[in-house]
Amino acid sequence: MEKKFGVYICTGCSIGETVNIEKLKKKSARVAKIEADNVRVHHFLCSPEGLELIKNDIKEGVNTITIGACSPRVKFEEFDFPGSIVERVNLREFVAWTQEPMTDDTQSLAEDYMQMGIIKTQKGSLPEPNILQDLSKTIMVIGGGMSGLSSALEAAKAGYQVVLVEKDAELGGWAAKLYKETPRQYPYDKLEEPRIFNIIKEAESNQNIKIFKSSVIEKTEGQPGLLDVTIRKNGTSETMRVGAIIMAAGWKPYEASKLEHLGYGKSNVITNVQMEEMAKKGKITRPSDGKEAKKVAFIQCAGSRDPNHLPYCSSFCCGTSLKQAKYVREKNEDAMAMIFYKDIRTPGQTELFYKNMQNDAGVLLTKAEVTGVSDAGNGNLYIEAENTLLGEKIKVEADLVVLATGIVPVTRAPQEYLDGLTEAQKKGDEAKKAYIEATPKPEFILNLDYRQGPELPSLEGAYGFADSNFICFQYETRRTGIYSAGCVRQPMTMSDAAEDAAGAALKAVQCVEHVAKGIAVHPRAWDTTFPDPLMIKCTSCKRCTEECPFGAIDEDEKGTPFYRINRCRRCGTCMGACPERIVSFKDFSVDIVGSMIKSIESEEDEFRIIVLACENDAYPALDSAAIKRQKLNPKARIIPVRCLGSTNLVWVTDAFSKGIDGLILLGCKYGENYQCHFVKGSELANYRFSKVKETLDKLQLESERCQLVQVSISEYDQIPKMINDFVERVEEIGPNPFKGM
Amino acid sequence: MAEATVIKPDLDFVKGVIEGGGDSLKKCYQCATCTVVCNVTPDSNPFPRKEMVWAQWGLKEKFAGNPDVWLCHQCNDCTAYCPRGAKPGEVLGAIRKQTIKQYSSPEFMVNFVNSKPFIPVMLLLLAGLLSVAGTFGIPDGEIVFSKFASTHFLQFVFTPALLFGVVVGVLGVKKFWADMKKAAKVSSGDMGGSISATTQEILSHIKFKSCGVSADRFTSHFLVFYSFIALGMATALGVLYIDILHIESPFSLTGTGFPVKIFGTIGAAGLLLGVLLMISNRFKNAEKVGVGSYFDWLLLTIVGVIMASGILSWVTRVAGIAGVAYTVYFIHLVFVLSLFVYLPYSKLAHMFYRSAAICFLKYSGRETRK
Amino acid sequence: MSEQQKTVLVIGGGFSGLTAAVETAEAGFNVVIVEKTPFLGGRVTQLNKYFPKLCPPNCGLEINFKRIKNSGDITFYTFAEVEKISGQEGNYEVTIKQNPRFINDKCVGCNACTEVCPVEISNEFNFGLDKTKAAYITHNQAFPFKYVIDSKNCKGKACAKCAEACKYDAIDLDMKPEAVNLNVGAIVLATGWDLYDVTKLDILGGGKIKNVITNMQMERLASPNGPTSGKILRPSDGKEVNNVAFVQCAGSRDENHLPYCSYICCMASLKQATYLREQYPDSKAQIFYIDIRTPGRYEQFYWKVKDDPNVTLTKGKVAKLEEDTATGDVLLTAEDVLLGKKITARFDMVVLAAGMVPSTVASKIPTDISYTNEGFIMPASLKKGMFAVGTLKSPVDVARSVQDATGVAIKSIQSARR
């Protein structure tokens with residue numbers, strides 16, 4: 001495409017009163033290499049008349065457009081010109097609303113912004129989607145329990161082919177082992193028959209669903225749309241291509257053998273799982289003598305909410321024990337069910353279930369910390385508890401004790417195994433590594449043939465759950481195209497799991513649809529650009545493969561990285577990581593940003609600061625500060641980046657060699673509760689910056705001239721100060737000695 | 001750490017409370033709203049939250065020597081604000097019934113007086129006794145009730161009945177007092193002071209004044225309480241006039257026995273008003289607290305009938321309608337007798353146990369001055 | 001997939017509705033959002049931070065707004081209501097009433113109208129904690145960034161100061177309601193929730209005691225875009241607070257008010273305790289509860305807050321709050337259940353953890369639906385192709401609303417793809 005440039009400046013919203021438009025026009029024209037008269041100025045550019053100017057020019061062949069007006073976050077519909085390269089320069093928020101009017105500083109700031117915008121359009125080009133061949137839209141579901149079956153049915157009903165893989169010989173998982181279910185609808189007063197059997201029937205008779213029982217995943221390779229999954233069944237393997245995977249592999253009850261302090265191991269102490277089995281068979285009896293149990297004690301949080309066992313609440317056990325108390329009562333009206341709880345957790349409308357279940361003469365409840373379970377003779381047991389509602393330390397006899405054991409996701413064992421190995425390797429602890437390898441390998445689920453490891457990466461503080469780190473984006477995944485659902489994701493009840501499964505199914509559908517169009521998936525779900533490396537210059541240093549948060553880059557047998565582009569989320573972390581600067585997007589590259597930086601003139605007597613701002617949080621925060629008409633430092637030039645992870649160290653050199661005095665990075669919070677939408681962009685940027693000292697030393701510059709600040713979108717009232725403080729520190733250090741060279 | 005107390009949940013006790021008017025018992029989820037809105041509970045070990053959980057667990061031994069269920073004046077603030085509809089006020093009433101059962105002997109009497117055949121049996125009993133005395137029937141001539149039941153007959157039958165009631169009650173209180181001392185681990189206190197303070201509290205009805213939703217209970221209970229005293233006075237004066245001054249009944253406001261009549265009339269009027277108020281309160285608060293149990297209604301019925309039949313028999317006597325007057329008078333006697341027998345076993349026994357509990361609260365020093 | 005695809009209508013532009021909309025659109029469908037208020041984002045725009053990550057809701061909103069801006073498949077109507085629904089799955093006819101905003105698309109967001117507007121009104125976005133003008137925008141990250149004129153309070157053309165002040169011809173005081181008709185394949189109901197009216201909590205002094213505020217007011221106080229720019233100051237005298245009580249289940253789990261549990265309040269109060277503790281290092285927070293409900297991994301957050309020695313958790317429901325008129329302090333009475341003691345304590349301010357009421361209590365969806373006694377939608381009563389999300393079915397938090405809304409997206413495409 002031959003570029004024909006158009007430059008437009010709006011003078012509305014006090015831009016015209018803040019900046020000398022004539023000068024700005026001339027400067028822009030010079031940079032864009034067009035006639036100054038062809039730079040269009042309008043007092044209200046977003047009005048129909050203003051837009052007409054642009055549209056007319058487009059008709060005349062203009063296809064590369066720079067618009068100096070308001071923030072790109074507003075008036076997005078008005079300034080949308082499909083087929084053209086469009087760059088919006090934020091003259092309103094970053095100049096008119098935040099600077100002193102008509103000063104030299106303000107003028108030069110506005111001119112720099114226009115210049116950078118035009119350069120971006122000069123260097124960039126229109127993206128074209130990268131659509132791979134032979135894509136599959138089939139969705140694979142791992143796990144045939146409530147979650148897996150629900151996911152499979154939802155995807156199938158939406159018109160997609162589904163392959164469901166279940167490790168056991170029968171479908172249904174835990175749901176099929178229940179005697180009754182807790183009520184699913186208002187008024188939550190009656191136990192219900194398990195629904196799973198109808199769901200199994202429905203899945204088995206659905207034409208779109210192919211079911212593999214007694215099967216496991218031997219290997220998963222490829223990328224979304226092109227995932228080749230090898231399924232092993234009875235010793236034979238079969239490979240099939242699918243587009244996306246839903247992992248609904250479920251959970252295991254917490255090992256009761258670890259609950260000796262609650263009496264497990266004694267003959268009349270059972271778990272809630274055993275209770276279901278017993279109720280399903282018939283009477284509630286004591287294992288020791290087969291006599292009907294008349295005093296049944298339920299100990300809640302058996303393992304859960306316990307720092308020595310599971311540091312989370314398993315979410316379903318309160319409801320389950322209330323339900324099982326009803327079993328006890330329904331099967332024998334002279335029997336008592338005593339529930340010892342830490343807190344009764346029946347959130348939302350399930351409170352009504354609690355209310356209904358407790359309203360029974362023989363259901364006895366107390367808050368308690370159970371301190372022990374001891375023998376009381378005849379196979380009976382004493383439950384000892386303190387901090388009860390009964391006002392004292394108590395001891396009560398029961399003839400059957402049920403431990404309400406919790407949920408352990410099946411992802412936990414493989415994760416711990418793998419994390420152990422990684423850690424041992426990191427520390428160079430060969431003995432530990434050998435020890436771990438000698439222990440029996442847990443059952444892996446996905447067996448990904450990815451350089452980054454065979455399973456979903458573990459999330460800090462998630463205790464093995466394959467959860468999202470985000471509240472707003474529950475199906476966020478670091479392995480594109482693989483979504484978890486149900487109890488592998490979070491502890492949840494069966495009804496919640498069915499709901500959750502539907503969500504995961506939608507994400508899988510989105511994924512296969514997006515890769516079919518060559519578009520990224522969340523969070524840049526509109527993006528048709530993709531990283532396009534100049535492989536000829538690749539040194540196989542593998543930094544990109546290591547740093548990519550999504551495992552999008554693998555290595556061939558020679559060790560040369562190559563992209564699995566459908567795994568890529570377009571954050572640009574690889575672009576930031578690459579020391580050879582070979583990774584580029586059509587509209588975002590090392591060269592584009594580098595050229596923008598280098599375009600800034602920094603005279604002897606002026607301080608110039610570059611602000612690289614994460615476009616997701618820092619940039620909107622800056623806009624918000626502007627809306628509140630807070631002053632921004634006139635020496636700072638703000639350049640948005642996709643993610644701080646895309647920050648390439650060469651930009652530091654670019655900046656300082658051109659006489660820029662300081663470089664500040666504004667990015668998301670990182671660490672355990674990271675807010676970075678690309679997992680660890682700001683963290684990586686910070687890591688790289690810690691290494692920047694070397695570069696600066698080489699240039700004989702103070703490392704304080706570079707700084708990363710974590711900022712959230714709501715800290716807009718602090719952002720101007722953050723920048724000012726930085727500028728002040730740089731001013732104290734003094735001007736960049738490379739100025740003017 | 002103190003040794004753990006072995007608790008023994010008793011399902012039958014739970015069922016007893018539920019059947020005895022505490023059918024909302026199991027709805028309680030121990031939020032303690034009741035304790036906070038209760039204006040009569042002491043601050044330390046307050047009630048009724050803990051009583052609710054004890055009753056839910058069927059811990060009947062906890063109620064032995066527990067003054068708190070009696071400190072409850074059933075003003076039902078707790079019931080009104082209970083978020084679960086557990087009606088602690090009603091449950092405590094049911095627990096009190098269980099406690100009365102526990103302290104009154106012989107035990108079968110408790111079930112009997114609270115059972116449906118109680119009144120018919122009393123009716124037959126009185127009819128039988130009157131037949132034996134030979135006066136069962138409608139006498140001729142001027143309507144004089146002593147023709148139907150002589151003063152001596154009344155003294156012969158009713159005095160022992162009352163005495164029986166009081167003795168059973170007092171014996172119960174004695175046991176209760178001992179249990180309270182044991183439960184609270186209190187060995188001594190200021191008995192005289194406590195009794196006098198208790199008397200003051202009862203006479204002034206001060207606790208009733210702190211009721212929230214059923215503030216009218218002060219008025220109604222006050223009226224009923226003092227009406228009973230007035231009626232008691234009338235009876236005592238009657239005995240004085242008849243037995244000592246040998247002035248025969250019927251008395252009239254203008255005759256020598258006018259003080260009897262004054263007290264009687266005041267008592268009857270007060271009782272009428274009080275009972276009507278109680279009934280209307282029950283219905284007024286029904287939405288929030290429920291209309292009450294059989295246990296509650298039986299007492300109200302007995303008192304109501306006594307009051308109504310008393311007034312009616314007087315009116316019909318003055319009007320000279322012999323058939324009605326004697327019949328109504330007979331009913332009046334049946335219910336008075338019932339009241340006496342019923343006294344230690346019924347809701348009315350609260351006069352013994354509540355007084356004792358209030359007294360013990362002062363005696364043990366648990367009640368903190370506000 | 002090339003068969004006929006119908007549009008999906010999402011009623012409600014809060015976080016559930018936005019999620020349902022963007023997720024559906026990104027699966028390749030056209031979506032229309034209808035939002036009753038002048039802005040998208042709903043309740044979460046009023047929150048300072050999310051539990052348990054303590055991250056700002058505007059972060060996720062920004063991403064979702066960006067998804068809308070870039071999608072091209074999403075149309076939204078703000079300040080609009082659904083008036084009529086007829087038809088069936090795959091073919092619903094819907095009439096939308098677009099209420100007059102009195103400010104047109106030319107608005108650039110310059111604030112000139114607000115500056116000149118002479119009418120001050122109670123700021124409902126801040127739950128009445130401060131005042132705003134009749135021409136206003138709720139906050140500086142509002143979306144769409146387009147002002148609105150409150151017709152109830154605007155003096156109309158007689159005043160028209162704003163129209164004079166606006167350089168962009170964006171004020172149109174003659175604007176009339178307009179009807180928009182749509183044909184859609186599926187309808188997602190996501191009209192969200194309202195806060196329980198605490199004035200009904202007589203013994204807790206709701207609405208009467210100045211320094212007894214609601215949890216949502218606490219969010220506004222702590223928000224940088226709130227009435228105090230994020231400083232937690234008590235309403236009576238603007239004093240800094242040092243000692244704050246949180247009253248759990250203020251209305252919830254109470255059959256005199258809301259018999260269900262409102263799900264979010266335990267986590268919300270724990271979170272708000274951290275706001276306080278962060279702002280005032282010596283401050284104390286005391287949370288009075290019946291049961292602490294922090295399901296799943298939220299338990300960790302509970303532990304973290306509980307470990308703060310200046311945060312006390314007391315089992316026992318508060319059933320009495322009184323005002324000390326001399327100082328403005330609040331006297332609180334509760335039973336410390338585990339100690340068996342009735343206690344009365346003094347606090348600078350008390351936060352009522354008020355519960356959630358489904359929006360369908362105030363305004364029903366104009367179609368045949370059965371509701372529970374408490375006003376929640378009974379999902380089984382919905383017609384085919386119609387789906388309720390999140391808090392319309394049962395109280396849930398943002399995370400579960402997102403889960404549900406994403407799940408509903410697949411169901412809606414099943415109905416829209418015919």
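Below, chain A is the first sequence line, B the second, and so on; all start at residue 1.
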### Max heavy-atom pair count under 4.5 Å with chain B, selected residue of C/V318, C/T344, C/V337
C/V337
### Query
What residue, out of B/R84, B/K50, B/R49, has the most heavy-atom pairs lying under 4.5 Å from chain C?
B/R49
### Query
Taking the inter-plane angle between the rings of B/H221 and B/F225 on a 0 to 90° scale, is it parallel (under 30°), tilted (30 to 60°) or perpendicular (over 60°)?
parallel
#### Entry: Test applied, ring-ring contact (aromatic ring centres under 6.0 Å, His included); reference residue, C/F51; option that passes from C/Y275, C/Y298, C/Y302
C/Y298
### Task
Might you confirm whether atom NZ of C/K306 has over 12 heavy atoms from other residues, nucleotides or ligands at distances under 6.0 Å?
yes
#### Entry: Between C/H257, C/K315, C/E255, C/K341, the one whose heavy-atom pairs under 4.5 Å with chain B are most numerous
C/E255
### Summary
Okay, B/C34 and chain C: the region with an atom under 4.5 Å from a heavy atom over there is neither
### Message
ring-ring contact (aromatic ring centres under 6.0 Å, His included), that's the test. Do B/Y353 and B/F176 meet it? Break it down for me.
### Response
CA-CA 8 Å; B/Y353 296 102; B/F176 179 48; 5.6 Å; yes
